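Atoms considered below: every heavy atom in the structure, side chains included; atoms not considered: hydrogens, waters and symmetry mates. No experiment lies behind these values; they were computed from the predicted model shown. If you read the sequence from its start, that first residue is 1, and numbering goes on from there.
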Amino acid sequence: YMFVCGLNEREPVRIGVDLVDVLTGVNAAGGAMAALHHARRTGQGQVVDVSNLQTMLGASMTFATSYSFQGLVKRRSSTRMVSIGALMPCQDGHALINTFRTPSEFLYVLLEDERLLDEKFSDYMGREINQAEMVQVMTEAAAKFTMADLFTRGQEMRMQNAMVQTPLELPGCPQHA
């Protein structure tokens, strides 16, 4: 994490909290909720097993997948940091789309909206400066698709994206079958 935290002009910095411990707690809470849901449905108990190491590796996956899917090595990118993704409302829910580090040409192909080819969205800094406008364009474009459509289209393009699902939707999701 030190490699991607901080400003380009300075040495890397640590995250201010023990993030892995916090995220492991979040994973444990999610596991406990899933176990309680299962117990209410079936009357059977569950074992919830969480690991700091697995949490750390899971939290670091964006570094590996950025390289695997797009050939990008994540670095500290600017003095004005923004989120790497946006939650987009779709016809049947929401999709999370990697926006600001994804070339605008990919977003155009994914969302089929020519406004995304505007020069002001052509690089990371342009997307950062024009973030509100870009999110508005993407929101309007994503509304034409279902979650599964965007997920499938993104995967075909080797983009990082995801369907946002409730715990009740997960068992029926073909991605997890």
Side-chain angles (χ1 to χ4, degrees), residues 1-5 14-70 72 74 81-102 106-107 109-113 127 131-132 134-177:
Y1 285 107
M2 288 181 65
F3 186 69
V4 296
C5 294
R14 277 196 65 198
I15 294 175
V17 297
D18 291 325
L19 185 61
V20 172
D21 293 336
V22 172
L23 291 176
T24 301
V26 171
N27 287 344
M33 290 188 322
L36 286 171
H37 176 70
H38 179 79
R40 286 183 183 145
R41 277 189 30 236
T42 67
Q44 297 176 333
Q46 296 285 307
V47 173
V48 177
D49 182 18
V50 295
S51 154
N52 274 358
L53 178 61
Q54 289 175 338
T55 298
M56 180 185 68
L57 293 173
S60 302
M61 280 308 298
T62 59
F63 305 131
T65 56
S66 288
Y67 183 78
S68 299
F69 284 98
Q70 298 173 305
L72 299 174
K74 290 210 177 218
M81 300 303 286
V82 297
S83 168
I84 63 163
L87 195 60
M88 298 286 133
C90 305
Q91 291 176 359
D92 58 347
H94 289 81
L96 182 66
I97 301 174
N98 181 335
T99 53
F100 302 104
R101 297 190 196 282
T102 300
F106 279 42
L107 295 172
V109 172
L110 176 70
L111 297 171
E112 299 177 350
D113 193 312
R127 289 188 289 278
Q131 178 179 0
M134 183 176 174
V135 169
Q136 180 62 36
V137 169
M138 290 180 65
T139 299
E140 293 169 10
K144 299 181 293 189
F145 298 94
T146 66
M147 291 187 304
D149 289 341
L150 285 177
F151 179 75
T152 302
R153 291 167 64 89
Q155 292 299 297
E156 288 169 356
M157 297 169 56
R158 299 181 64 83
M159 286 180 66
Q160 299 173 25
N161 64 352
M163 295 182 283
V164 179
Q165 298 168 304
T166 68
L168 296 177
E169 293 171 326
L170 289 177
C173 178
Q175 179 187 358
H176 301 294

>> Any side-chain to backbone donor/acceptor pair from Q91 onto M147? Under 3.5 Å, distance only.
In response: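 Side chain of Q91 to backbone of M147, a donor-acceptor pair under 3.5 Å: no, none is there.
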> Any donor-acceptor pair under 3.5 Å linking the side chain of R153 with the backbone of L111?
Replying inline: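 Absent.
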>> I'd like to know whether CD of E112 has more than 12 heavy-atom contacts from other residues, nucleotides or ligands below 6.0 angstrom.
In response: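 Correct, the count exceeds 12.
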Contact summary for [X] and [Y], nearest pair of heavy atoms:
| X | Y | answer |
| --- | --- | --- |
| F151 | A162 | CD1-CA, 4.0 Å |
| S51 | T24 | O-OG1, 4.0 Å |
| L110 | F145 | O-CZ, 3.9 Å |
| L150 | A95 | CD1-CB, 4.0 Å |
| V164 | E169 | O-OE1, 4.1 Å |
| M88 | A142 | CB-CB, 3.7 Å |

> Can you tell if the side chain of H37 reaches within under 4.5 Å of the side chain of M33, non-hydrogen atoms only?
Replying inline: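 Answer no - side chains too far apart.
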> Is M56 close to L19 at the side-chain level, that is, under 4.5 Å between some pair of heavy atoms?
Replying inline: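 No, their side chains stay 4.5 Å or more apart.
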Measuring from [X]:[atom1] to [Y]:[atom2], what's the distance to the nearest 0.5 Å?
| X | Y | atom1 | atom2 | result |
| --- | --- | --- | --- | --- |
| M138 | E140 | CE | CD | 12.0 Å |
| D149 | D92 | CG | CG | 8.0 Å |
| L107 | M134 | CG | CE | 4.5 Å |
| T139 | L87 | OG1 | CG | 9.0 Å |

